[in-house]
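Since the structure comes first, as structure tokens, the remarks are kept for the end.
Naming: A, B, ... by sequence-line order, numbering from 1 per chain.
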There are 2 protein chains.
Amino acid sequence: MKDDQLAAREPVATSEKVLERIGHSILSGEFEPGERLTETDLAQRFGVSRSPLREALLRLEERQLIERVPFSGMRVVSLDDRTVDELYEIRGALEGLACRRAAAVITPEQIAELRGVLAQRSRALKSTRGDARQQPTIQDFHILIARISGNRELERMLAGDIWHYMRAQYRRWARARERMDLGHAEHLRIVDALEARDGELAEILMRRHIVASRQELVDAKARAEARGAA
Amino acid sequence: MKDDQLAAREPVATSEKVLERIGHSILSGEFEPGERLTETDLAQRFGVSRSPLREALLRLEERQLIERVPFSGMRVVSLDDRTVDELYEIRGALEGLACRRAAAVITPEQIAELRGVLAQRSRALKSTRGDARQQPTIQDFHILIARISGNRELERMLAGDIWHYMRAQYRRWARARERMDLGHAEHLRIVDALEARDGELAEILMRRHIVASRQELVDAKARAEARGAA
DNA sequence: TTAAGTCAGATTGTACACAATCATGGAGTC
DNA sequence: GACTCCATGATTGTGTACAATCTGACTTAA
């Protein structure tokens with residue numbers, strides 16, 4: 001069962017199904033960033049009419065996964081370095097807030113749950129030899145903190161597609177696993193701070209963690225470009 | 001000219017025009033929160049077909065201004081107290097970030113611009129006798145800081161409709177002007193901090209300012225309910 | 001050679017008809 | 001009397017045809 005909560009009913013309408021499919025195609029990299037899309041092609045490709053397809057595309061546009069220009073065409077969003085920087089900065093502020101609030105209300109059971117997620121992720125990391133594409137619990141840790149904070153709007157915001165998309169572009173370059181181990185240590189320290197009910201510290205640690213993640217992305221991209229063409 | 005920047009082209013498509021109209025109707029309170037809407041009625045009302053109307057409604061749903069349930073109906077979102085609390089908390093974190101970053105890069109010209117906005121608002125406040133509905137520059141101050149911060153995604157986020165809608169519900173109760181004067185003083189202190197390039201202080205002041213605004217909303221609503229039916 | 005103008009092709013935007021689904025009310029039964 | 005079932009109306013979801021708009025190439029003239 002996937003719907004963790006809040007009655008996420010299975011999609012019955014065609015538009016919902018095609019929305020999930022296209023969204024997944026973008027997030028998984030099946031559609032390249034910047035790739036041009038046409039309604040007719042997509043409709044044929046997915047075997048649906050243009051009407052439900054359009055609905056899906058409009059939603060994706062509102063979620064900033066595709067860009068459209070009237071009467072002209074549409075394309076998959078390509079996040080440039082500046083935008084990724086900006087998004088990471090926003091994410092740091094939001095997750096910092098989540099940590100601060102979570103520290104005030106967290107229960108022992110929830111602490112155990114957080115540690116469980118980290119342990120599961122650590123195991124999965126070893127078994128798959130660091131293949132980042134098969135980590136189902138990476139962002140679960142962050143989302144879980146947001147949920148513990150009790151701020152549903154914050155949780156909803158941090159669960160948005162744009163963040164997944166941002167991370168997806170990261171996976172393209174990051175084959176190295178050093179960062180993963182470092183990240184794991186940082187995660188543990190965040191949980192420690194939450195357990196100590198030190199909201200201020202937890203917020204600072206989370207902000208640093210996100211800054212470090214962003215820095216690793218920059219470095220990984222630089223290395224990749226140095227290998228590729230320079 | 002309204003398009004401040006970024007080539008906000010005038011809408012040519014019917015769906016864009018009807019989107020603006022419905023959005024304005026919701027934000028202005030012409031459509032009550034919780035009011036039920038039907039596609040057929042709205043289509044007749046605005047003299048358009050259901051197709052462009054549906055596009056507008058889908059966008060509004062993604063922006064959390066209306067709620068839809070498949071095959072059943074749709075209604076204008078009604079923000080309950082808890083949600084407003086959560087949104088204010090998020091807004092505080094985001095605007096705090098904007099202040100922190102703006103302090104690092106602000107120019108004397110931009111400081112003057114901020115003071116200009118405050119002065120204009122102060123004048124408007126006197127001339128219209130504190131009628132909150134005719135304040136075109138209230139949120140301009142906040143958006144301007146976000147713009148100065150240089151984080152375009154942050155600016156886009158803080159310019160979202162949901163925040164306008166949240167404030168709109170506030171205007172319903174707030175006729176008193178004490179809060180406006182207090183808010184004015186707080187705004188001035190924020191600008192002072194920005195001018196001193198004290199990002200940390202600016203962030204703290206902005207967070208407090210938003211907490212105070214939220215508190216005033218709670219009090220105003222309590223007073224209104226006490227007057228009305230209690 | 002370059003520039004503007006125009007025309008065709010492609011693509012999106014809109015309208016309308018029909019199908020799928022849901023909610024409400026009443027009839028029937030236990 | 002309360003409950004279940006079913007039919008009917010209302011509402012949204014989908015398919016298809018057509019109109020509006022844009023892009024790019026080709027022509028033509030300076």
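Protein atom NZ of A:Lys17 is 13 Å distant from nucleotide atom P of C:dA20, rounded to whole Å. The separation between A:Leu19 atom CG and D:dT14 atom C1' is 16 Å, rounded to whole Å. Counting to the nearest Å, the P atom of C:dT21 and the CZ atom of B:Phe71 are 6 Å from each other. Look at CD on A:Glu55: it is 14 Å from C1' on C:dG13, rounded to the nearest Å. Following rounding to the nearest Å, A:Phe46 (CZ) and D:dG15 (C1') show an atom-to-atom distance of 18 Å. We find that CG of A:Leu53 is positioned 11 Å from P of D:dT14, with the value rounded to whole Å. Atom CD of B:Glu39 is separated from atom P of C:dT21 by 17 Å (rounded to the nearest Å). What separates CZ of A:Arg50 from P of D:dC18 is a distance of 14 Å, to the nearest Å.
Residue-level contact check: A:Leu37 touches the backbone only, with heavy atoms under 4.0 Å from sugar-phosphate atoms and none from bases. Backbone-only engagement by A:Arg68 is indicated by non-hydrogen atom pairs under 4.0 Å involving sugar-phosphate atoms exclusively. Using a 4.0 Å heavy-atom distance criterion, A:Thr38 is classed as a sugar-phosphate-only contact.
A donor N or O paired with an acceptor N or O is found under 3.5 Å between the base of C:dA15 and the side-chain atoms of B:Ser51. With hydrogens and angles ignored, no donor-acceptor pair closer than 3.5 Å exists between the side chain of A:Thr14 and the base of D:dG13.
With respect to the salt-bridge test (charged N to carboxylate O, under 4.0 angstrom), the residues A:Glu35 and A:Arg75 do not qualify. Of the charged side-chain nitrogens involved, at least one lies within less than 4.0 Å of a carboxylate oxygen, so that A:Arg59 and B:Glu61 count as a salt-bridged pair.
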Inset, instruction - Give the C-alpha distance, both sets of side-chain angles, the deciding distance and a yes or no for side-chain contact (heavy atoms from CB on, under 4.5 Å) between A:Met74 and A:Arg36. - result: CA-CA 6 Å; A:Met74 99 197 85; A:Arg36 185 141 188 272; over 6 Å; no

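Applying the 4.0 Å criterion to OP1 and OP2 of D:dT14, one finds that A:Ser15 has a side-chain N or O inside that range. Applying the 4.0 Å criterion to OP1 and OP2 of C:dA15, one finds that B:Ser49 has a side-chain N or O inside that range. Listed pair B:Arg54 / D:dG13 meets the phosphate criterion, a side-chain N or O lying under 4.0 Å from OP1 or OP2.
Taking the six-membered ring where the residue is Trp, A:His142 and A:His209 present parallel rings, their angle staying beneath 30° rather than reaching 60°.
Among A:Leu158, A:Leu194, A:Val117, the single residue meeting the side-chain contact (heavy atoms from CB on, under 4.5 Å) criterion with A:Ile145 is A:Leu194.
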